[in-house]
Amino acid sequence: MVQGRCGESCGCNCTGGVCNVAISGRPKLLSVYAPVVYDEIGINICRPVTIPETVLEAYPTAACARLDVIDVTFTEAGEGIPGTTVSTGNRANCSTVVLTNVSVTFLAKLFDQYNNYLTSTEITANYLPGSTTSPDATYLDPETNPDSVTVELYTPYGVGYTAAEGTPVINTVGFLPDGNMVVNGINATVVAKAMNYNSVTGTFSAGISLFLRTVYYETYKIAQEGKPIPPKAGLTDDQNTCLDFVESGLLSREIKPLELEPPKCEGRLKDVEPPCERDDGNQFVFNKCGCEPTPNPCENTTN
């Protein structure tokens, strides 16, 4: 009697090694390298902002404004204007952040009284003016827009630094090409809201929520339930073989990541014998091989 057909003795895909044929199937746990939030805090601040007069003249029916945040900048200190600082002090795992002179660039969208979109215009406003010589210092308000705000963050792996001076920095996550990425260290994001728009003067209250998050890229094991299936767009109405393919489901190869730790220890599959069978690469196979080496099921034996 012939025993040991491929895949029967250990329940796994007898491919002859993942370096020759990739494992098919879905893992029960995924090892992911992801930005993990270690600490976060947010503040609300608010100040008046005015639509440029030229825009008001071109769109006199504007009755409402909405705000999108394009970018956030932490102004550098200079000429009597303090800048945002990050310091450790005598506690190595925490950082003190003093926020001041935070410049926010908005895309202000204008609508008429019937909620019809009219136009957009960029506006930059400075929050938390640290001194009388700071930009927009006239909008200083101890209750809604003070000169500075001090917060503390848990930063056990450190913060980001400038390459040249080695100065601690805060990364801003916005929507410009050079400022829309999360990095290791402290990351800042801003969400805005326009309130009490005055259609005569074009002035409104621009409130922002400024979030600071300590983020580090780490590897974690997470449970998963398979890949999401994106909706598929149709391209043509012709009836032919290519149409049958175009209208069918989206291709998705089920290449399984190696599970390197017990109980599977699939790293050892890189060193097994050459393959004796191949599957089509699309089977949903859960590898059940243990850590201990097993006889090669590709070899036929007879009792």
Side-chain angles (χ1 to χ4, degrees), residues 35 37-50 67-108 123-162 165 167-176 179-196 203-216:
V37 176
Y38 275 62
D39 195 11
E40 62 182 340
I41 193 170
I43 62 170
N44 281 345
I45 45 182
C46 187
R47 52 151 288 184
V49 170
T50 302
L67 291 179
D68 291 337
V69 177
I70 298 177
D71 194 28
V72 183
T73 303
F74 296 94
T75 305
E76 295 184 2
E79 298 182 0
I81 302 175
T84 293
T85 61
V86 180
S87 59
T88 300
N90 59 354
R91 296 195 293 173
N93 291 326
C94 289
S95 295
T96 300
V97 181
V98 180
L99 295 168
T100 185
N101 287 305
V102 180
S103 179
V104 182
T105 300
F106 302 107
L107 184 67
I123 301 176
T124 299
N126 190 67
Y127 288 80
L128 305 175
S131 71
T132 56
T133 58
S134 296
D136 298 342
T138 56
Y139 295 108
L140 174 69
D141 187 304
E143 295 182 347
T144 61
N145 189 34
D147 58 357
S148 65
V149 172
T150 301
V151 298
E152 191 169 60
L153 287 170
Y154 180 53
T155 55
Y157 292 148
V159 298
Y161 295 90
T162 58
E165 297 84 6
T167 304
V169 295
I170 299 175
N171 178 62
T172 59
V173 185
F175 289 91
L176 295 181
N180 63 353
M181 296 180 62
V182 175
V183 302
N184 282 318
I186 301 175
N187 292 262
T189 58
V190 171
V191 180
K193 180 180 181 180
M195 301 165 287
N196 301 326
T203 300
F204 58 92
S205 297
I208 65 170
S209 293
L210 191 157
F211 300 94
L212 295 178
R213 295 181 173 92
T214 303
V215 176
Y216 303 110

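- Not counting sequence neighbours, the partners of T105 by the side chain to side chain donor-acceptor pair (under 3.5 Å) test are T124.
- The distance from atom CD1 of I186 to atom OG1 of T172, rounded to the nearest 0.5 Å, is 13.0 Å.
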Let me check something: any side-chain donor-acceptor pairs from residues 127-137 under 3.5 Å, sequence neighbours excluded? List them with distances.
| from | atom 1 | to | atom 2 | distance (Å) |
| --- | --- | --- | --- | --- |
| Y127 | OH | A206 | O | 2.8 |
| S131 | OG | G80 | O | 3.1 |
| S131 | OG | T133 | N | 3.3 |
| S131 | OG | T133 | OG1 | 3.0 |
| S131 | OG | S134 | N | 3.4 |
| S131 | OG | S134 | OG | 3.2 |
| S134 | OG | N101 | OD1 | 3.1 |
| S134 | OG | N101 | ND2 | 3.4 |
| S134 | OG | G130 | N | 3.2 |
| S134 | OG | S131 | N | 3.0 |
| S134 | OG | S131 | O | 3.3 |
| D136 | OD2 | R47 | NH1 | 2.6 |
| D136 | OD2 | N126 | N | 3.0 |

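- Taking every heavy atom of both residues into account, Y139 and N145 meet most closely at O-ND2, 3.1 Å.
- Around atom CE of M195, more than 12 heavy atoms belonging to other residues, nucleotides or ligands sit under 6.0 Å away.
- For the pair F211 and V190, the minimum side-chain heavy-atom distance is 4.5 Å or more.
- A donor-acceptor pair under 3.5 Å is absent between the side-chain atoms of Y157 and the main chain of Y216, judged by distance alone.
- Taking the side chain to side chain contact (heavy atoms under 4.5 Å, CB included) definition, one finds that T162 meets it with E165, T167, V169, sequence neighbours left out.
- The shortest heavy-atom contact between V49 and A125 is CG2-CB, 4.0 Å.
- Here the CD1-CZ distance, from I170 to F74, works out to 4.5 Å after rounding to the nearest 0.5 Å.
- The line from CD1 of I123 to OG1 of T50 is 8.0 Å long, rounded to the nearest 0.5 Å.
- Put simply, the side chain of F204 reaches to within 4.5 Å of the side chain of L67, judged on heavy atoms.
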I would like to know whether L212 and L99 meet side-chain contact (heavy atoms from CB on, under 4.5 Å); could you show each step before the answer?
CA-CA 10 Å; L212 295 178; L99 295 168; 4.1 Å; yes
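- When every heavy atom of P146 is checked against every heavy atom of T144, the shortest pair comes out as CD-C, 3.8 Å.
- N187 places none of its side-chain heavy atoms less than 4.5 Å from the side chain of T189.
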What verdict does the side-chain contact (heavy atoms from CB on, under 4.5 Å) test give for L176 and I70, after you've listed the backbone C-alpha separation in whole Å, the side-chain angles of each residue and the deciding distance to 0.1 Å?
CA-CA 7 Å; L176 295 181; I70 298 177; 3.5 Å; yes
Extract all donor-acceptor atom pairs below 3.5 Å that involve side chains of residues 85-98 and protein atoms in other chains or at least two apart in sequence.
| from | atom 1 | to | atom 2 | distance (Å) |
| --- | --- | --- | --- | --- |
| R91 | NH2 | E152 | OE1 | 2.6 |
| R91 | NH2 | E152 | OE2 | 2.3 |
| S95 | OG | T155 | OG1 | 2.8 |

Distance-only donor-acceptor pairs under 3.5 Å for side chains of residues 38-46, two or more places apart:
| from | atom 1 | to | atom 2 | distance (Å) |
| --- | --- | --- | --- | --- |
| D39 | OD2 | Y154 | N | 2.8 |
| E40 | OE1 | R213 | NE | 2.8 |
| N44 | OD1 | S209 | OG | 2.5 |

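- Under the rule for a side chain to side chain donor-acceptor pair (under 3.5 Å), D147 has no partner lying at least two apart in sequence or in another chain.
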